[in-house]
Amino acid sequence: MELTKEIGKALLFWYDHNARILPWRADKNPYRIWVSEIMLQQTRVEAVKPYFDRFMEELPKIKDLAQVEEQKLMKLWEGLGYYNRARNLKAAAQTIMEKYNGELPADYEQLLELKGIGIYTAGAIASIAYDIPVPAVDGNVLRVMARLLGDDSDILKEKTKKDMAARVMEMMPDERAGDFNQALIELGAIVCVPNGEPKCCDCPWDTVCTAYKKDLIGQLPVKKPKKKRKIEKRTVFVIESDGMVALHKRDENGLLAGLWEFPNVLGKCSQELVEEQLDSWGMKDCAYEFTHEGKHIFSHIEWQMTGVLVSLDEPVASDGLMWVEKKELEEEYAIPSAFEMFRESLQSAY
Ligand code: ADE
């Protein structure tokens, strides 16, 4: 369907009469808009409000955020969850102090470079604070757009987000980019709602909305559930002797290609299987202990790992294993973070 600036203006008109009064909308202070957008990721508007007010009272300027003590920052964030959002805010505030003289840059690309600011947030800050005409497509906007267009593309796909952002731009009025983006978000939050019946009779787009006309509201947007991760159990051997440790180089193809790892085998080994495995490496009757269990999540697979610490009197040459000095391990060998937790056993075995 064709999208026009007239359609965009109708939404803006609706926003002017229906926007909620929210603390971060009182002015166009870029710092306040930034903090609100970060808090609003994964947290509802009503839940954010008291946190936002307290945060601004305690840290009214970017300079205050850049200097805040970790413990105080965590306290201000306590209950909001996803604490890295707060740590990234502080890191970005420090960059802003050093590089931009304490002012959030009025530039989409520069905003995108700051820690914790992705495509959506850069778009939101650039448009809301500085009226730069860029899209800000969050989950609300994707739902509104899918219904408006009658588009059944999977909104969890990056390609759909990109396509929808381009379509948003077709409607964006020449002025007030920020209000327009917020109007789209607001429509999604209070009219074109995700759960329960949307309030189509209150919608400024009831005459143009494809889903409304074709009675597809219930079917849109389409969100294809992500494939369930495959679970793989593995037993990881930390084999050390005399300041050295045995490593294995992963295959040049596939997961973690070509990286070094602690030797490991598929499955959660029983004592008997551990001994069989050690035997196959020529490490008969050696001392070992089960250490800890841990998991690591990749995009398509989850490893559930059991650690075995093996201490040998002297290194044994085995097929596929290479002995390296522990010191070198830190400096020279790239070991994927999936194995990070097993380094601990190594340290205690020093
Ligand atoms: N969700 C994300 N950004 C928002 C904003 N500026 N206003 C209301 N809800 C939002």
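We use all heavy atoms of the structure for the numbers below, so side chains are in, but hydrogens, waters and symmetry mates are not. Numbering of ligands and ligand atoms starts at 1, following listing order.
Considering backbone and side-chain N/O atoms, Arg25 comes within less than 3.5 Å of an N/O atom of ligand 1.
Contacts between Ile33 and ligand 1, counted as non-hydrogen atom pairs separated by less than 4.0 Å, are absent for every part of the residue.
Comparing heavy-atom distances from atom 3 (N) of ligand 1 across Glu186, Arg44, Glu37 singles out Glu37 as nearest.
Ring-plane geometry between His17 and Phe13 is classed as tilted, the angle between the planes lying from 30 to 60 degrees on a 0 to 90 degree scale.
Heavy-atom proximity to Tyr120, at under 4.0 Å, picks out these atoms of ligand 1: 2 (C), 3 (N). Atoms of ligand 1 lying under 4.0 Å from at least one heavy atom of Trp24, given by number and element, are 5 (C), 6 (N), 7 (N). Using a 4.0 Å cut-off to heavy atoms of Gln182, the atoms of ligand 1 that qualify are 5 (C), 6 (N), 7 (N). Which parts of ligand 1 touch Val45 is read off a 4.0 Å heavy-atom cut-off, strictly below it: atoms 9 (N).
The pair Lys28-Asp131 meets the salt-bridge criterion, since a charged nitrogen lies less than 4.0 angstrom from a carboxylate oxygen.
Looking only at side-chain heavy atoms (C-beta outward), Leu278 and Phe237 come within less than 4.5 Å of each other. Using a 4.5 Å heavy-atom threshold, the side chains of Trp323 and Leu312 count as touching.
Protein heavy atom at the shortest distance from atom 4 (C) of ligand 1 is Leu40 CD1, 3.5 Å.
The main-chain N or O of Gly188 is found under 3.5 Å from a side-chain atom of Arg143 such that the two form a donor-acceptor pair.
Gly123 and Tyr108 make their closest contact through N-CE1, 3.6 Å (heavy atoms, listed as atom of the first residue, atom of the second, distance).
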